[in-house]
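Reviewing the structure listed below.
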Protein chains: 2
Amino acid sequence: MRRKVTLKQIAKELDVSISTVSRALNNSKEIGEETRQKIQAFAKFYNYKPNNIALSLKNRKTKTIGILIPEIVHHFFSTVIRGIEIVANQRGYNVIVGLSNESFSKEVINMEMLANGSIDGFILSISKETLLHQDYHHFKETINQGIPIVMFDRVVNEIDCDKVIVDDYKGSYNAVKKLISNGCKNIALITTMDYVSVGKLRTQGYLQALEDNKIHPKSSLILKLDDSLALEEHLDILEGEIEEFFNRNSQIDAIFAVNELYAVTAMKVARKLEYNIPEDIQVIGFTDGVLSKHARPSLTTVSQHGQKIGEQAAHLLIDRLLLDDEEIESENIDLEIDANFKTIVIETDLIERDSTK
Amino acid sequence: MRRKVTLKQIAKELDVSISTVSRALNNSKEIGEETRQKIQAFAKFYNYKPNNIALSLKNRKTKTIGILIPEIVHHFFSTVIRGIEIVANQRGYNVIVGLSNESFSKEVINMEMLANGSIDGFILSISKETLLHQDYHHFKETINQGIPIVMFDRVVNEIDCDKVIVDDYKGSYNAVKKLISNGCKNIALITTMDYVSVGKLRTQGYLQALEDNKIHPKSSLILKLDDSLALEEHLDILEGEIEEFFNRNSQIDAIFAVNELYAVTAMKVARKLEYNIPEDIQVIGFTDGVLSKHARPSLTTVSQHGQKIGEQAAHLLIDRLLLDDEEIESENIDLEIDANFKTIVIETDLIERDSTK
DNA sequence: TGTCAACACGCAAACGTTTTCGTTGCGTAT
DNA sequence: ATACGCAACGAAAACGTTTGCGTGTTGACA
């Protein structure tokens, strides 16, 4: 077992000083050609690579970004991570992942853990519990410590930072508009509780699309489901809820669901009740995941472009990190002033498949 | 913006030495009760938290583990990550994720990047390209530098390290046995090219199950597909291949597929060709993902328990890291001797759903 | 021959910790 | 009064880098 070689060891071996070795390896022209060659050859032979931790300590930056998301076994979130990772890697950053599991305390713990020097900035999506409690002190403190945050998808106005969001409103607006132009009159909405911001926006888009087309929204056609039903183990309960919903509202001719699972479950129930899709009932879901592509019939969805979201978020964060560097170098003190936070909106696409006409 | 407070700042402010502050905060009894209280109160007020990077440098361990996987938008891999993250967090570790995207060079780059001090050990699954080239020098070098590796799922005998694998052989053996006991005579296998070890093992299990039941395997009933077909964009090609396969072999009464996608695609094609499932053709897939649960009919699968794999892998790695620590403290030099690598086999389960009788 | 660049390199500080080894001051036993 | 032990704290090294500054050795030039 041969541990990694350090500058000190090289220096001792070649009988020069540590600084000489460092400069030689960094191709400083302060070092004579001969010694430089010798040192570089030696270093190459022993496969010298500078120690990242030491560099991090010295430079006060780690070149890694922290990702904090509620769940990783989830098509959307993992797609975002992929986008982040690609850009991060391109630009010389690593990613360290923390999972909140939708829990407030885990989110706080994870954040504090990583904020103590482990990362240069965060990219995160807020956990449901945090959104419910509306307690955002950990975000504020982190930002106050000079650690930039980029939020995506589940964001919140109270926090001043860069954001990347999906146009949930327009996405569902267009989806519902599509259903209307396909001749649907009684369009049902299957959604979640309101405290998740994206759910609220998607509901608003639904309502607005109806109104703009002179259709009076009926509250009976809106099914609000508890989040816990989205868990795999409660799938049958979810089906039951939706089935009752259908039975209460036999006039339904279209369904817009705020996520993929609700949509495919609705399709499953509809077929069980002997509705034909898309002839009797047309269905559109939000979030284009693996289920939508392979459902039967394949599901028309509002695609969120998760990877692009991740890429944009990573660019935003890294841009800001580099900007901060420059400002520190130029001893520019008006850091507070030019904060200039951006919110990037990623447009959704309606991917038409077989669940709509 | 208030940057994080350091020991030095506390020391200066309270007019004591850095060492006193450090000891006071660590509750050393070398420090007088009074000063200790004072320092702790001050530290608490300014929310002092030790800098992780400095600790890492001092302790020569980072308390983070590197995960290196081919792909993250993948039910199995993300499930494994979740398992790793849970255990890692419990035991005080962070996880940093690198994606090889099935590429050899990206795997090497990522590994070298992280091996320079950023992590204490690796948990990884080998990329297809690496398996194809059979070039494992980067694993060997990493291990040689004293950085332990735990491999999962896609492992390789050439490398001596801890491993967590699925019993691919027995899993597919039992699946095929089930099909046979359900009365199937002409069981087709849809698999990948051989160089992915798990694919090979699953094929072997298939063959052995047939032989043990006096069924002569026919090569015409084995469809080997190129991996690239598994990509979303080539879905129609995949369907075409499978459709031709069906047409060549009209006697097929069961299908065993080595992954979820092949299985559901086969079901889709079978239905298109007006076979009934499970009456005419029964189907079993490997890898229990989201597709299997929601396919129509729902797919009987061999479940791999990805989360458990991740948890076991994390335990193996962390156990070894702690073991190494002890050995260093006791200056035990016979590190090489008691390597004692384990291979944990996670048994699969056959989850019976509606695609089998 | 003396002066002064230019060159090539070493010293030491700094990043933020922990920890070993002192160093005080003071009370107590001899 | 001397020695000794102990409590309470400080100085400094170490982890592995980078970098500003100092220094010695050249060579050229006046």
Side-chain angles (χ1 to χ4, degrees), chain A residues 3-40 42-43 46-64 115-120 145-146 325 328-329, chain B residues 3-40 42-43 46-63 115-120 145-147 325 328-329:
Chain A
R3 277 233 129 73
K4 298 233 60 163
V5 60
T6 70
L7 287 187
K8 188 192 288 193
Q9 293 169 27
I10 299 183
K12 189 198 282 185
E13 209 71 28
L14 263 49
D15 205 46
V16 290
S17 78
I18 294 179
S19 22
T20 301
V21 179
S22 174
R23 279 189 260 255
L25 295 179
N26 290 324
N27 282 316
S28 161
K29 52 218 158 323
E30 283 195 74
I31 303 299
E33 185 60 19
E34 195 180 357
T35 30
R36 212 189 52 180
Q37 298 280 351
K38 183 178 64 179
I39 291 175
Q40 290 196 351
F42 190 92
Y46 280 100
N47 192 29
Y48 168 80
K49 296 276 167 50
N51 181 302
N52 281 333
I53 297 294
L55 283 180
S56 295
L57 185 58
K58 179 114 241 300
N59 301 330
R60 293 148 128 243
K61 67 182 81 145
T62 61
K63 288 281 177 180
T64 91
N116 295 319
S118 299
I119 53 99
D120 294 341
Q145 284 174 18
D325 287 353
I328 287 175
E329 278 184 35
Chain B
R3 276 233 129 71
K4 298 231 60 166
V5 61
T6 72
L7 286 188
K8 188 192 286 193
Q9 294 169 27
I10 299 183
K12 188 198 281 185
E13 211 69 29
L14 264 49
D15 204 46
V16 291
S17 77
I18 295 180
S19 19
T20 300
V21 178
S22 175
R23 277 190 265 254
L25 295 179
N26 290 326
N27 283 317
S28 160
K29 52 217 157 325
E30 283 196 73
I31 303 300
E33 186 60 20
E34 194 181 356
T35 29
R36 213 189 52 183
Q37 298 279 353
K38 183 180 62 180
I39 291 174
Q40 290 195 353
F42 190 92
Y46 282 100
N47 192 29
Y48 169 81
K49 296 275 167 50
N51 180 301
N52 280 333
I53 297 293
L55 284 179
S56 296
L57 185 59
K58 180 115 241 304
N59 300 330
R60 291 146 132 246
K61 66 182 82 142
T62 61
K63 289 280 178 183
N116 294 319
S118 301
I119 54 99
D120 294 341
Q145 285 175 17
I147 302 178
D325 287 352
I328 287 174
E329 277 183 34

Does a nitrogen or oxygen in the side chain of A/N59 sit under 4.0 Å from OP1 or OP2 of D/dT17? no
Any A/K4 side-chain nitrogen or oxygen under 4.0 Å from OP1 or OP2 of D/dG16: no
Distance, rounded to the nearest Å, where B/I39 contributes CD1 and C/dT17 contributes P: 14 Å
Starting from P on C/dA14, measure out to CZ on A/R60 and report it in whole angstrom. 12 Å
A/L25 CG to D/dT18 P, straight-line distance once rounded to whole Å: 8 Å
Whole angstroms only, please: what is the CG-C1' distance between A/N27 and C/dC9? 16 Å
Report, as yes or no, whether the 6.0 Å neighbourhood of atom CD on B/E34 holds more than 12 heavy atoms from other residues, nucleotides or ligands. no
Encode nucleotides 8-13 of chain D as B, S and - characters from 5' to 3', where the letter depends on protein heavy atoms closer than 4.0 Å: B to the base, S only to sugar-phosphate, - to neither. BBBBB-
Treating A/T20 as the side-chain partner and A/A11 as the backbone partner, does any N or O pair qualify as donor plus acceptor under 3.5 Å? no
What is the distance from CG of A/L57 to P of C/dT17, rounded to the nearest Å? 9 Å
In whole angstroms, how far is the C1' atom of C/dG16 from the NZ atom of B/K12? 15 Å
For the pair made of NZ in A/K63 and C1' in D/dT17, what is the distance, rounded to whole Å? 16 Å
Provide, to the nearest angstrom, the distance between the NZ atom belonging to B/K61 and the P atom belonging to D/dC15. 15 Å
A/K49 atom NZ, over 12 foreign heavy atoms within 6.0 Å: yes
Distance test, side-chain N/O of B/N51 to OP1/OP2 of C/dC15, below 4.0 Å: no
Between B/S56 and B/N52, is there a donor-acceptor pair closer than 3.5 Å when you use the side chain of the first and the backbone of the second? yes
As a check of understanding: the bend across the helix from C/dT1-D/dA30 to C/dT30-D/dA1, end axes from five pairs, rounded to 10 degrees, works out to 90°
Are the side chains of B/K8 and B/V21 in contact, using a 4.5 Å heavy-atom criterion? no
